[in-house]
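Structure, as structure tokens:
These numbers come from a predicted model, not from an experiment. The analysis underlying the following values was restricted to heavy atoms, covering all of them including side chains, and did not include hydrogens, waters or symmetry mates.
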Amino acid sequence: MKAVVTRVTEASVTIKDNTEGRIQTGFLVLLGIGPNDTEEDAVKLADRVCGVRVFEDDNGKMNLNLEQVNGELLVVSQFTLYADLKSRRPGFSGAAKPDTAIPLYEKFMSACRERGFHVEHGQFGADMKVASVNDGPVTLLFDTKE
């Protein structure tokens, strides 16, 4: 399971001119799911994302986690994180099929909610417009296989 996590002051996802999810301070999470990922990976990744300390404390040091800043999450499915880039036209056969990916996408969000976080999301497989105001910018790459 892979995630690109950006610290934001606000983010939203729009589908067909309707805003489906919107957050203020927190993380925009672009979540990619591979064919061999498991529920254990989803829980492990949620723990890592929710616990990472990248928000500034009173001394300007990245020392606070999402809970300490009352942060939120906007989770957007992103199968392109598993793109095969050997040619100029990416292939996506390395991404999990929807019957595997959707339950793990839901499990990741559920695990974040179980930690007490407000989670907004897009729609799996939809054509989405994602907007964000990156803070820092701080962008992190997570991979449960590393």
For [X] versus [Y], what's the shortest heavy-atom pair and its separation?
{"X": "Gly26", "Y": "Leu66", "value": "CA-CD1, 3.8 Å"}
{"X": "Cys112", "Y": "Cys50", "value": "SG-SG, 3.7 Å"}
{"X": "Tyr82", "Y": "Met1", "value": "OH-N, 3.1 Å"}
{"X": "Gly71", "Y": "Phe117", "value": "O-CD2, 3.7 Å"}
{"X": "Thr144", "Y": "Lys44", "value": "O-NZ, 3.3 Å"}
{"X": "Ser12", "Y": "Thr19", "value": "CB-CG2, 4.4 Å"}

**Message:** Hydrogens and angles aside, do Thr38 and Glu40 bring a side-chain donor and acceptor to less than 3.5 Å of each other?
**Reply:** no
**Arg53 and Asn65: side chain donor to acceptor below 3.5 Å** = no
Min side-chain heavy-atom separation [X]-[Y] under 4.5 Å:
{"X": "Lys61", "Y": "Glu56", "answer": "no"}
{"X": "Glu72", "Y": "Glu120", "answer": "no"}
{"X": "Thr25", "Y": "Asp135", "answer": "no"}
{"X": "Leu73", "Y": "Val49", "answer": "yes"}
{"X": "Val13", "Y": "Gln123", "answer": "no"}
{"X": "Val52", "Y": "Phe142", "answer": "yes"}
{"X": "Ser77", "Y": "Leu31", "answer": "no"}

Give a yes or no on whether a salt bridge exists between [X] and [Y], defined as a side-chain N under 4.0 angstrom from a carboxylate O.
{"X": "Asp37", "Y": "Lys145", "value": "yes"}
{"X": "Asp17", "Y": "Lys129", "value": "no"}
{"X": "Asp127", "Y": "Lys16", "value": "no"}

For atom [atom1] of [X], is the number of surrounding heavy atoms from other residues, nucleotides or ligands below 6.0 Å larger than 12?
{"X": "Asp99", "atom1": "CG", "value": "yes"}
{"X": "Lys86", "atom1": "NZ", "value": "no"}
{"X": "Arg22", "atom1": "CZ", "value": "no"}
{"X": "Glu39", "atom1": "CD", "value": "no"}

Report yes or no: do [X] and [Y] belong to one cluster of Ile/Leu/Val/Met/Phe/Trp/Tyr joined by side chain heavy-atom distances under 4.5 Å?
{"X": "Met128", "Y": "Val119", "answer": "no"}
{"X": "Leu104", "Y": "Leu81", "answer": "no"}
{"X": "Leu45", "Y": "Val138", "answer": "yes"}
{"X": "Val75", "Y": "Phe124", "answer": "yes"}

**Message:** With a 3.5 Å distance limit and no angle check, can you tell me whether Asp57 reaches the backbone of Asn59 through a side-chain donor-acceptor pair?
**Reply:** yes
**Prompt:** Any sub-3.5 Å donor-acceptor pair from Arg7's side-chain atoms to Val54's backbone N or O?
**Reply:** yes
**Fill in**
The residue among Leu28, Thr9, Thr6 that forms side-chain contact (heavy atoms from CB on, under 4.5 Å) with Val133 is Thr9
**Item:** Partners passing salt bridge (charged side-chain N to carboxylate O under 4.0 Å, His left out) against Lys97 (at least two apart in sequence or in another chain)
**Value:** none
**Request:** Tell me, with the steps shown, if Phe27 and Phe55 meet ring-ring contact (aromatic ring centres under 6.0 Å, His included).
**Result:** CA-CA 10 Å; Phe27 290 143; Phe55 293 92; 5.2 Å; yes
**Complete:** To the nearest 0.5 Å, atom CD of Gln78 lies from atom CD1 of Ile33 at 11.0 Å
**Message:** Distance check, rounded to the nearest 0.5 Å: Leu74 atom CG versus Glu20 atom CD?
**Reply:** 11.0 Å
